[in-house]
Amino acid sequence: CRAPEYFFIAKDIEVQQVYEQGLSLNELFIVNSSGIKTHRDDFVIDFDKAVLAKRFEDFCSDSFSSRELKTKFSLKESEEWINEKQQEIFNADFIKKITYRPFDNRYIYYSSKFVERTREKVMRNFKENLGLIVTRQLSTFDFQHIFVTDNIIDGNMISLQTKEYSYAFPLYLYPETTHQQSTEETNHRTPNLNQKLVKQIAENLGLTFTDEKETTANTFAPIDILDYIYAVLHSPNYRETYKEFLKIDFPRVPYPNINTFWQLVKLGGELRQLHLLERSTNQGLNSSHHSLARSSNLGLYPSYPIDGDNVITRKLNKHDFEITDIENQRGRVWINNNQYFDNVPQTAWAFYIGGYQPAQKWLKDRHGRLLTIDDIKHYQKIINALIETDRIMKAIDLIELN
(Lines give C-alpha, C1' and ligand atoms only; values in the text may rest on other atoms or scores of the structure.)
Protein backbone atom coordinates (compact mmCIF):
# COMPACT_ATOMS: atom_id res chain seq x y z
CA CYS A 1 0.00 0.00 0.00
CA ARG A 2 1.31 3.40 -0.92
CA ALA A 3 -0.06 6.93 -1.10
CA PRO A 4 -2.17 8.38 -2.49
CA GLU A 5 -4.24 5.42 -3.71
CA TYR A 6 -3.52 2.78 -1.03
CA PHE A 7 -4.50 -0.10 -3.28
CA PHE A 8 -5.55 -3.29 -1.54
CA ILE A 9 -4.63 -5.56 -4.45
CA ALA A 10 -1.27 -6.28 -6.08
CA LYS A 11 -0.11 -3.75 -8.67
CA ASP A 12 2.80 -3.89 -11.11
CA ILE A 13 4.57 -0.66 -10.19
CA GLU A 14 6.90 -0.76 -13.22
CA VAL A 15 3.91 -1.01 -15.55
CA GLN A 16 2.26 1.83 -13.66
CA GLN A 17 5.30 4.06 -14.16
CA VAL A 18 5.17 3.47 -17.92
CA TYR A 19 1.43 4.14 -17.98
CA GLU A 20 1.71 7.38 -16.02
CA GLN A 21 4.22 8.78 -18.52
CA GLY A 22 1.37 8.92 -21.03
CA LEU A 23 -1.08 11.71 -21.84
CA SER A 24 -4.07 12.03 -19.55
CA LEU A 25 -7.27 12.96 -21.38
CA ASN A 26 -8.17 15.20 -18.50
CA GLU A 27 -4.93 17.14 -18.96
CA LEU A 28 -4.94 17.17 -22.76
CA PHE A 29 -8.52 18.43 -23.15
CA ILE A 30 -9.00 21.80 -21.44
CA VAL A 31 -12.76 21.51 -20.95
CA ASN A 32 -14.85 18.47 -20.13
CA SER A 33 -17.83 17.56 -18.01
CA SER A 34 -20.08 14.68 -17.13
CA GLY A 35 -23.14 14.15 -19.29
CA ILE A 36 -26.47 15.77 -18.61
CA LYS A 37 -28.88 14.55 -15.96
CA THR A 38 -32.57 15.19 -16.55
CA HIS A 39 -34.25 13.51 -13.52
CA ARG A 40 -37.16 12.85 -15.92
CA ASP A 41 -35.89 11.07 -19.05
CA ASP A 42 -39.29 9.65 -20.01
CA PHE A 43 -40.72 13.16 -20.20
CA VAL A 44 -37.96 15.25 -21.81
CA ILE A 45 -36.46 12.60 -24.13
CA ASP A 46 -38.13 10.71 -26.96
CA PHE A 47 -37.31 8.62 -30.03
CA ASP A 48 -39.49 10.85 -32.22
CA LYS A 49 -38.90 14.58 -32.67
CA ALA A 50 -42.51 15.31 -33.62
CA VAL A 51 -43.86 13.38 -30.63
CA LEU A 52 -41.57 15.32 -28.28
CA ALA A 53 -42.59 18.65 -29.82
CA LYS A 54 -46.29 17.83 -29.45
CA ARG A 55 -45.73 16.78 -25.83
CA PHE A 56 -44.23 20.14 -24.88
CA GLU A 57 -46.70 22.12 -26.94
CA ASP A 58 -49.47 20.44 -24.94
CA PHE A 59 -47.62 20.89 -21.67
CA CYS A 60 -47.01 24.60 -22.20
CA SER A 61 -50.54 25.30 -23.39
CA ASP A 62 -53.49 26.19 -21.19
CA SER A 63 -55.53 23.29 -22.59
CA PHE A 64 -54.85 21.00 -19.64
CA SER A 65 -54.86 21.40 -15.89
CA SER A 66 -51.80 20.44 -13.86
CA ARG A 67 -53.63 17.35 -12.64
CA GLU A 68 -54.47 16.32 -16.19
CA LEU A 69 -50.87 16.84 -17.29
CA LYS A 70 -49.57 14.78 -14.37
CA THR A 71 -51.75 11.87 -15.51
CA LYS A 72 -51.31 12.41 -19.26
CA PHE A 73 -47.49 12.32 -19.09
CA SER A 74 -47.13 10.03 -16.04
CA LEU A 75 -45.19 12.72 -14.19
CA LYS A 76 -43.88 12.08 -10.69
CA GLU A 77 -43.53 15.78 -9.94
CA SER A 78 -46.01 17.67 -7.78
CA GLU A 79 -48.90 19.62 -9.27
CA GLU A 80 -47.22 22.79 -7.97
CA TRP A 81 -44.09 22.01 -10.03
CA ILE A 82 -46.21 21.27 -13.08
CA ASN A 83 -48.21 24.46 -12.66
CA GLU A 84 -45.02 26.52 -12.43
CA LYS A 85 -43.37 24.92 -15.49
CA GLN A 86 -46.60 25.10 -17.47
CA GLN A 87 -46.12 28.87 -17.66
CA GLU A 88 -43.05 28.40 -19.90
CA ILE A 89 -43.39 29.18 -23.60
CA PHE A 90 -42.76 26.25 -25.94
CA ASN A 91 -39.63 26.78 -28.07
CA ALA A 92 -38.94 24.35 -30.91
CA ASP A 93 -35.27 25.43 -30.90
CA PHE A 94 -34.84 23.65 -27.56
CA ILE A 95 -35.30 20.28 -29.26
CA LYS A 96 -31.82 18.83 -29.80
CA LYS A 97 -30.30 15.50 -30.67
CA ILE A 98 -28.74 13.60 -27.78
CA THR A 99 -26.40 10.62 -27.80
CA TYR A 100 -28.39 8.64 -25.27
CA ARG A 101 -26.80 5.18 -25.53
CA PRO A 102 -24.26 3.60 -27.93
CA PHE A 103 -25.65 3.86 -31.50
CA ASP A 104 -28.83 5.34 -30.05
CA ASN A 105 -29.45 9.03 -30.77
CA ARG A 106 -32.74 10.45 -29.53
CA TYR A 107 -34.31 13.89 -29.07
CA ILE A 108 -34.37 16.01 -25.91
CA TYR A 109 -36.18 19.18 -24.91
CA TYR A 110 -32.96 20.82 -23.79
CA SER A 111 -34.14 23.54 -21.44
CA SER A 112 -32.78 24.27 -17.97
CA LYS A 113 -36.39 24.64 -16.84
CA PHE A 114 -36.96 20.92 -17.41
CA VAL A 115 -33.45 19.38 -17.38
CA GLU A 116 -31.86 19.41 -13.93
CA ARG A 117 -28.22 19.47 -15.03
CA THR A 118 -27.69 20.71 -18.58
CA ARG A 119 -23.86 20.98 -18.41
CA GLU A 120 -24.33 23.95 -20.71
CA LYS A 121 -20.71 25.13 -20.56
CA VAL A 122 -19.57 21.97 -22.36
CA MET A 123 -22.65 20.81 -24.24
CA ARG A 124 -23.19 24.11 -26.05
CA ASN A 125 -20.03 23.32 -28.05
CA PHE A 126 -21.63 20.39 -29.86
CA LYS A 127 -22.41 22.12 -33.14
CA GLU A 128 -20.29 20.87 -36.02
CA ASN A 129 -18.10 19.17 -33.46
CA LEU A 130 -16.96 15.81 -32.18
CA GLY A 131 -16.17 14.59 -28.72
CA LEU A 132 -14.78 11.60 -26.89
CA ILE A 133 -16.88 9.89 -24.22
CA VAL A 134 -15.06 8.11 -21.39
CA THR A 135 -15.49 7.40 -17.69
CA ARG A 136 -13.36 8.56 -14.80
CA GLN A 137 -13.45 5.33 -12.83
CA LEU A 138 -14.91 1.84 -13.13
CA SER A 139 -16.79 -0.32 -10.68
CA THR A 140 -17.77 -3.34 -12.77
CA PHE A 141 -16.00 -4.36 -15.98
CA ASP A 142 -12.45 -3.77 -17.09
CA PHE A 143 -11.95 -0.76 -19.37
CA GLN A 144 -14.12 -0.84 -22.47
CA HIS A 145 -15.72 2.50 -21.75
CA ILE A 146 -15.09 4.75 -24.71
CA PHE A 147 -17.27 6.07 -27.51
CA VAL A 148 -17.53 9.11 -29.76
CA THR A 149 -20.29 11.65 -30.27
CA ASP A 150 -21.32 14.64 -32.35
CA ASN A 151 -24.17 15.56 -29.97
CA ILE A 152 -24.73 16.42 -26.33
CA ILE A 153 -24.60 13.25 -24.22
CA ASP A 154 -26.55 11.62 -21.42
CA GLY A 155 -24.73 10.99 -18.16
CA ASN A 156 -25.47 7.26 -18.40
CA MET A 157 -24.48 7.05 -22.04
CA ILE A 158 -21.80 4.38 -21.46
CA SER A 159 -23.06 2.75 -18.27
CA LEU A 160 -25.89 2.89 -15.75
CA GLN A 161 -23.44 2.38 -12.89
CA THR A 162 -23.06 5.44 -10.64
CA LYS A 163 -19.25 5.22 -10.58
CA GLU A 164 -19.11 4.85 -14.36
CA TYR A 165 -20.69 8.17 -15.21
CA SER A 166 -20.02 9.36 -18.75
CA TYR A 167 -17.82 12.40 -19.45
CA ALA A 168 -17.72 14.38 -22.70
CA PHE A 169 -14.49 15.84 -24.10
CA PRO A 170 -15.38 18.14 -27.03
CA LEU A 171 -12.72 18.47 -29.71
CA TYR A 172 -13.40 22.19 -30.29
CA LEU A 173 -14.73 25.09 -28.26
CA TYR A 174 -17.03 27.79 -29.62
CA PRO A 175 -17.18 31.32 -28.16
CA GLU A 176 -20.15 32.21 -26.01
CA THR A 177 -22.60 34.14 -28.15
CA THR A 178 -23.60 37.74 -27.51
CA HIS A 179 -25.87 40.06 -29.46
CA GLN A 180 -22.84 42.08 -30.59
CA GLN A 181 -21.02 39.15 -32.22
CA SER A 182 -21.13 38.59 -35.96
CA THR A 183 -22.01 35.24 -37.50
CA GLU A 184 -18.36 34.73 -38.43
CA GLU A 185 -17.27 35.31 -34.85
CA THR A 186 -19.84 32.93 -33.36
CA ASN A 187 -18.83 30.18 -35.80
CA HIS A 188 -15.10 30.45 -35.10
CA ARG A 189 -13.89 27.51 -33.06
CA THR A 190 -10.64 26.75 -31.32
CA PRO A 191 -9.16 23.36 -30.39
CA ASN A 192 -10.07 22.25 -26.87
CA LEU A 193 -6.50 21.12 -26.36
CA ASN A 194 -3.69 22.03 -23.97
CA GLN A 195 -1.28 23.84 -26.28
CA LYS A 196 1.73 22.99 -24.14
CA LEU A 197 1.01 19.27 -24.55
CA VAL A 198 0.16 19.71 -28.25
CA LYS A 199 3.55 21.39 -28.75
CA GLN A 200 5.26 18.42 -27.13
CA ILE A 201 3.33 16.01 -29.36
CA ALA A 202 4.33 18.06 -32.42
CA GLU A 203 8.00 17.98 -31.42
CA ASN A 204 7.86 14.21 -30.89
CA LEU A 205 6.26 13.70 -34.30
CA GLY A 206 8.30 16.27 -36.18
CA LEU A 207 5.04 17.68 -37.58
CA THR A 208 3.32 21.08 -37.55
CA PHE A 209 0.01 21.36 -35.70
CA THR A 210 -2.89 23.12 -37.44
CA ASP A 211 -6.21 24.07 -35.86
CA GLU A 212 -8.16 22.56 -38.76
CA LYS A 213 -7.36 19.58 -40.96
CA GLU A 214 -5.24 20.50 -43.98
CA THR A 215 -3.99 18.58 -46.99
CA THR A 216 -0.53 20.05 -46.53
CA ALA A 217 2.19 17.50 -45.90
CA ASN A 218 3.89 17.31 -42.51
CA THR A 219 0.89 18.67 -40.60
CA PHE A 220 -1.57 17.16 -38.17
CA ALA A 221 -4.80 18.47 -36.66
CA PRO A 222 -7.10 17.94 -33.65
CA ILE A 223 -9.05 15.22 -35.47
CA ASP A 224 -5.83 13.23 -35.87
CA ILE A 225 -5.20 13.42 -32.12
CA LEU A 226 -8.75 12.25 -31.42
CA ASP A 227 -8.42 9.34 -33.87
CA TYR A 228 -5.05 8.34 -32.40
CA ILE A 229 -6.51 8.27 -28.88
CA TYR A 230 -9.55 6.37 -30.11
CA ALA A 231 -7.36 3.69 -31.67
CA VAL A 232 -5.10 3.26 -28.62
CA LEU A 233 -8.03 2.94 -26.22
CA HIS A 234 -9.55 0.25 -28.44
CA SER A 235 -6.41 -1.88 -28.28
CA PRO A 236 -7.20 -5.13 -26.39
CA ASN A 237 -3.53 -5.50 -25.42
CA TYR A 238 -3.37 -1.94 -24.09
CA ARG A 239 -6.57 -2.44 -22.11
CA GLU A 240 -5.25 -5.68 -20.63
CA THR A 241 -1.75 -4.39 -19.83
CA TYR A 242 -3.01 -1.30 -18.01
CA LYS A 243 -6.42 -2.51 -16.86
CA GLU A 244 -5.82 -1.78 -13.17
CA PHE A 245 -4.86 1.82 -13.90
CA LEU A 246 -7.60 2.43 -16.48
CA LYS A 247 -10.09 1.73 -13.68
CA ILE A 248 -9.11 4.52 -11.33
CA ASP A 249 -8.97 7.78 -13.29
CA PHE A 250 -9.42 9.29 -16.73
CA PRO A 251 -7.54 7.18 -19.31
CA ARG A 252 -3.98 7.86 -20.39
CA VAL A 253 -2.41 7.09 -23.77
CA PRO A 254 1.26 6.97 -24.81
CA TYR A 255 2.75 10.02 -26.49
CA PRO A 256 2.55 9.21 -30.21
CA ASN A 257 5.63 8.47 -32.29
CA ILE A 258 5.89 9.08 -36.00
CA ASN A 259 6.54 5.40 -36.83
CA THR A 260 3.03 4.33 -35.82
CA PHE A 261 1.05 7.58 -35.53
CA TRP A 262 -0.56 7.61 -38.97
CA GLN A 263 -1.36 3.89 -38.85
CA LEU A 264 -3.23 4.39 -35.60
CA VAL A 265 -4.89 7.58 -36.86
CA LYS A 266 -6.23 5.67 -39.86
CA LEU A 267 -7.65 2.82 -37.77
CA GLY A 268 -9.03 5.20 -35.15
CA GLY A 269 -10.69 7.22 -37.91
CA GLU A 270 -12.33 4.08 -39.27
CA LEU A 271 -13.66 3.27 -35.80
CA ARG A 272 -14.93 6.83 -35.35
CA GLN A 273 -16.84 6.75 -38.61
CA LEU A 274 -18.27 3.32 -37.81
CA HIS A 275 -19.46 4.40 -34.37
CA LEU A 276 -21.06 7.55 -35.77
CA LEU A 277 -22.59 5.29 -38.45
CA GLU A 278 -21.04 7.57 -41.09
CA ARG A 279 -19.38 4.89 -43.20
CA SER A 280 -21.45 3.93 -46.23
CA THR A 281 -21.93 0.23 -45.54
CA ASN A 282 -25.44 -0.34 -46.87
CA GLN A 283 -25.08 0.30 -50.58
CA GLY A 284 -27.07 -2.84 -51.39
CA LEU A 285 -30.10 -1.84 -49.33
CA ASN A 286 -33.16 -0.61 -51.15
CA SER A 287 -35.98 1.39 -49.65
CA SER A 288 -38.74 -1.21 -49.90
CA HIS A 289 -39.25 -3.71 -47.11
CA HIS A 290 -39.32 -6.61 -49.57
CA SER A 291 -35.98 -5.64 -51.12
CA LEU A 292 -34.52 -4.91 -47.69
CA ALA A 293 -35.36 -8.37 -46.46
CA ARG A 294 -34.09 -10.32 -49.44
CA SER A 295 -31.32 -8.27 -51.02
CA SER A 296 -28.38 -10.43 -52.09
CA ASN A 297 -25.97 -7.52 -51.60
CA LEU A 298 -26.19 -7.40 -47.82
CA GLY A 299 -22.73 -8.84 -47.25
CA LEU A 300 -22.07 -8.91 -43.51
CA TYR A 301 -25.45 -7.41 -42.73
CA PRO A 302 -28.03 -9.60 -41.03
CA SER A 303 -31.09 -10.29 -43.15
CA TYR A 304 -34.67 -9.66 -42.06
CA PRO A 305 -36.50 -12.32 -44.07
CA ILE A 306 -40.03 -12.57 -42.63
CA ASP A 307 -42.83 -10.06 -43.22
CA GLY A 308 -45.02 -9.16 -40.26
CA ASP A 309 -46.09 -6.32 -37.98
CA ASN A 310 -42.45 -5.55 -36.98
CA VAL A 311 -43.40 -5.03 -33.32
CA ILE A 312 -40.82 -6.06 -30.69
CA THR A 313 -42.61 -8.29 -28.20
CA ARG A 314 -39.67 -10.43 -27.03
CA LYS A 315 -37.71 -9.24 -23.99
CA LEU A 316 -34.43 -10.02 -25.79
CA ASN A 317 -32.78 -12.31 -23.27
CA LYS A 318 -30.33 -15.10 -24.09
CA HIS A 319 -33.18 -17.34 -25.28
CA ASP A 320 -34.03 -14.86 -28.04
CA PHE A 321 -30.68 -15.38 -29.77
CA GLU A 322 -30.62 -18.71 -31.56
CA ILE A 323 -27.42 -20.12 -33.10
CA THR A 324 -28.23 -21.49 -36.55
CA ASP A 325 -24.70 -21.70 -38.00
CA ILE A 326 -22.46 -23.43 -35.44
CA GLU A 327 -19.36 -23.37 -37.65
CA ASN A 328 -19.45 -19.57 -38.14
CA GLN A 329 -21.18 -18.81 -34.82
CA ARG A 330 -24.03 -16.88 -36.39
CA GLY A 331 -27.67 -16.94 -35.48
CA ARG A 332 -31.10 -15.34 -35.31
CA VAL A 333 -32.31 -12.54 -33.07
CA TRP A 334 -36.05 -12.98 -32.54
CA ILE A 335 -38.01 -9.75 -32.02
CA ASN A 336 -41.39 -11.50 -31.78
CA ASN A 337 -42.74 -15.03 -32.28
CA ASN A 338 -42.58 -14.78 -36.09
CA GLN A 339 -39.87 -12.28 -37.09
CA TYR A 340 -36.14 -12.21 -36.60
CA PHE A 341 -32.84 -10.80 -37.82
CA ASP A 342 -30.86 -13.62 -39.37
CA ASN A 343 -27.11 -14.07 -39.91
CA VAL A 344 -26.14 -12.14 -36.74
CA PRO A 345 -22.65 -13.11 -35.46
CA GLN A 346 -22.36 -14.19 -31.85
CA THR A 347 -19.43 -11.75 -31.59
CA ALA A 348 -21.66 -8.80 -32.45
CA TRP A 349 -24.54 -10.00 -30.25
CA ALA A 350 -22.29 -10.27 -27.17
CA PHE A 351 -20.04 -7.24 -27.89
CA TYR A 352 -19.73 -4.70 -25.05
CA ILE A 353 -19.26 -0.96 -25.22
CA GLY A 354 -19.00 0.26 -21.65
CA GLY A 355 -21.64 -1.48 -19.58
CA TYR A 356 -23.96 -2.15 -22.53
CA GLN A 357 -24.23 -4.75 -25.25
CA PRO A 358 -25.52 -2.49 -28.05
CA ALA A 359 -26.93 -5.27 -30.25
CA GLN A 360 -29.18 -6.23 -27.32
CA LYS A 361 -29.66 -2.86 -25.62
CA TRP A 362 -30.94 -1.07 -28.73
CA LEU A 363 -33.72 -3.63 -29.21
CA LYS A 364 -34.56 -3.93 -25.50
CA ASP A 365 -35.11 -0.19 -25.27
CA ARG A 366 -37.67 -0.46 -28.08
CA HIS A 367 -39.72 -3.24 -26.53
CA GLY A 368 -43.35 -2.80 -27.59
CA ARG A 369 -42.47 -0.44 -30.45
CA LEU A 370 -42.92 -0.97 -34.17
CA LEU A 371 -39.68 -1.07 -36.16
CA THR A 372 -39.80 1.13 -39.26
CA ILE A 373 -37.74 0.37 -42.36
CA ASP A 374 -35.24 2.99 -41.17
CA ASP A 375 -35.07 1.24 -37.79
CA ILE A 376 -34.36 -2.09 -39.46
CA LYS A 377 -31.59 -0.54 -41.56
CA HIS A 378 -30.20 1.17 -38.47
CA TYR A 379 -30.01 -2.11 -36.56
CA GLN A 380 -28.23 -3.74 -39.48
CA LYS A 381 -25.70 -0.90 -39.41
CA ILE A 382 -25.15 -1.47 -35.70
CA ILE A 383 -24.40 -5.15 -36.26
CA ASN A 384 -21.99 -4.34 -39.08
CA ALA A 385 -20.30 -1.64 -36.97
CA LEU A 386 -19.75 -4.15 -34.15
CA ILE A 387 -18.34 -6.75 -36.56
CA GLU A 388 -15.96 -4.18 -38.03
CA THR A 389 -15.00 -2.86 -34.59
CA ASP A 390 -13.88 -6.33 -33.55
CA ARG A 391 -11.81 -6.63 -36.74
CA ILE A 392 -10.18 -3.21 -36.37
CA MET A 393 -9.36 -3.79 -32.69
CA LYS A 394 -7.42 -6.89 -33.73
CA ALA A 395 -5.60 -4.85 -36.39
CA ILE A 396 -4.65 -2.19 -33.80
CA ASP A 397 -3.04 -4.90 -31.66
CA LEU A 398 -0.58 -5.63 -34.47
CA ILE A 399 0.90 -2.14 -34.01
CA GLU A 400 3.46 -1.42 -31.30
CA LEU A 401 1.95 1.34 -29.14
CA ASN A 402 4.85 2.28 -26.86
Side-chain angles (χ1 to χ4, degrees), residues 25-26 28-47 49 52 93-112 114-141 143-174 189 192-193 222-223 226-227 229-230 233-234 250-251 268 271-278 352-358 361-362 365 378 382 385 389:
L25 266 61
N26 191 43
L28 177 61
F29 289 86
I30 301 168
V31 172
N32 72 80
S33 82
S34 56
I36 70 166
K37 191 173 184 64
T38 73
H39 285 186
R40 50 191 68 87
D41 284 14
D42 291 342
F43 180 54
V44 300
I45 296 176
D46 203 278
F47 298 103
K49 185 177 183 179
L52 185 63
D93 291 339
F94 287 160
I95 297 180
K96 309 286 186 183
K97 269 191 175 182
I98 179 172
T99 299
Y100 191 68
R101 299 291 182 264
F103 303 109
D104 191 351
N105 292 335
R106 304 187 190 181
Y107 292 94
I108 182 171
Y109 194 75
Y110 188 61
S111 163
S112 60
F114 297 95
V115 176
E116 292 297 319
R117 298 177 185 175
T118 60
R119 317 295 189 195
E120 174 67 18
K121 181 180 178 181
V122 170
M123 300 306 164
R124 68 176 177 78
N125 293 291
F126 283 101
K127 46 185 178 181
E128 297 185 17
N129 206 353
L130 295 171
L132 291 174
I133 305 171
V134 297
T135 56
R136 185 169 188 171
Q137 56 184 333
L138 302 177
S139 61
T140 52
F141 304 97
F143 180 84
Q144 54 201 17
H145 297 64
I146 182 167
F147 205 66
V148 65
T149 185
D150 51 6
N151 304 307
I152 60 178
I153 73 162
D154 182 71
N156 294 121
M157 189 270 152
I158 290 181
S159 175
L160 280 172
Q161 299 297 322
T162 304
K163 289 185 177 180
E164 297 176 356
Y165 215 62
S166 306
Y167 284 75
F169 292 76
L171 189 58
Y172 287 95
L173 299 177
Y174 285 85
R189 61 184 190 173
N192 178 31
L193 298 171
I223 188 64
L226 183 146
D227 289 343
I229 293 169
Y230 210 54
L233 293 179
H234 275 89
F250 290 115
L271 282 174
R272 165 176 52 83
Q273 292 176 71
L274 278 169
H275 294 171
L276 293 172
L277 300 182
E278 290 178 345
Y352 272 95
I353 293 177
Y356 302 118
Q357 293 169 294
K361 178 66 174 170
W362 192 90
D365 283 356
H378 185 90
I382 292 174
T389 297

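Please read these numbers as outputs of a predicted model, since none were measured by experiment.
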For a 4.5 angstrom cut-off between non-hydrogen side-chain atoms, does [X] reach [Y]?
X: I153; Y: F147; answer: no
X: Y174; Y: N125; answer: yes
X: H378; Y: L277; answer: yes
X: L132; Y: L233; answer: no
X: L25; Y: Y167; answer: no
X: V134; Y: N32; answer: no
X: T99; Y: F126; answer: no
X: L28; Y: F169; answer: no

**Asked** If only atom types and distance count, is the side chain of R119 paired as donor or acceptor with the main-chain N or O of I36 below 3.5 Å?
**Response**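 Looks like no, no N/O pair under 3.5 Å.
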**Request:** Determine yes or no for a side-chain-to-main-chain donor-acceptor pair under 3.5 angstrom, with K49 supplying the side chain and D46 the backbone.
**Result:**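 No, the answer is negative, given that no donor and acceptor are paired below the 3.5 Å cut-off.
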**Message:** Exactly one of D227, L193, L130, N192 should register a side chain to side chain contact (heavy atoms under 4.5 Å, CB included) with P222. Which one does?
**Reply:**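 Filter result, single survivor: L193.
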**Request:** Using the side chain to side chain donor-acceptor pair (under 3.5 Å) rule, pick out the option among R101, Q144, E164, H145 that qualifies with S159.
**Result:**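 Per the side chain to side chain donor-acceptor pair (under 3.5 Å) rule, the option paired with S159 is E164, out of R101, Q144, E164, H145.
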At what distance, to the nearest 0.5 angstrom, does [atom1] of [X] lie from [atom2] of [Y]?
X: S166; Y: I133; atom1: OG; atom2: CD1; value: 6.5 Å
X: I45; Y: D41; atom1: CD1; atom2: CG; value: 4.0 Å
X: M123; Y: T149; atom1: CE; atom2: OG1; value: 8.5 Å
X: D104; Y: M157; atom1: CG; atom2: CE; value: 8.5 Å
X: S139; Y: Q161; atom1: OG; atom2: CD; value: 4.5 Å
X: T135; Y: K163; atom1: OG1; atom2: NZ; value: 12.5 Å

Indicate the atoms forming the closest heavy-atom contact of [X] with [Y], along with that distance.
X: Y165; Y: G35; value: CE2-O, 3.7 Å
X: I158; Y: I146; value: CD1-N, 4.0 Å
X: R189; Y: E128; value: NH1-O, 2.6 Å
X: P358; Y: Y356; value: CD-O, 3.3 Å
X: F141; Y: G355; value: CE1-CA, 3.8 Å

**Prompt:** Taking the six-membered ring of Y230, is NZ or CZ of R272 closer than 6.0 Å to its centre and within 45° of its axis?
**Reply:**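 Here R272 fails the 6.0 Å and 45° test against Y230.
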**Asked** When F94 is tested against each of Y107, Y109, Y110, F114 for ring pair (Phe, Tyr, Trp, His ring centres under 6.0 Å), which residue passes?
**Response**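 Result: among Y107, Y109, Y110, F114, Y109 is the only option passing the ring pair (Phe, Tyr, Trp, His ring centres under 6.0 Å) with F94.
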**Message:** Go through it in stages, so that I can follow the logic: the residues are H275 and T389, the test is side chain to side chain donor-acceptor pair (under 3.5 Å), and I'd like the CA-CA distance, side-chain angles, deciding distance and then a yes or no.
**Reply:** CA-CA 9 Å; H275 294 171; T389 297; 2.9 Å; yes
**Item:** D365 and Y100 side chains, donor-acceptor separation under 3.5 Å
**Value:**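 No, because no side-chain N or O of Y100 sits under 3.5 Å from a partner of the opposite role on D365.
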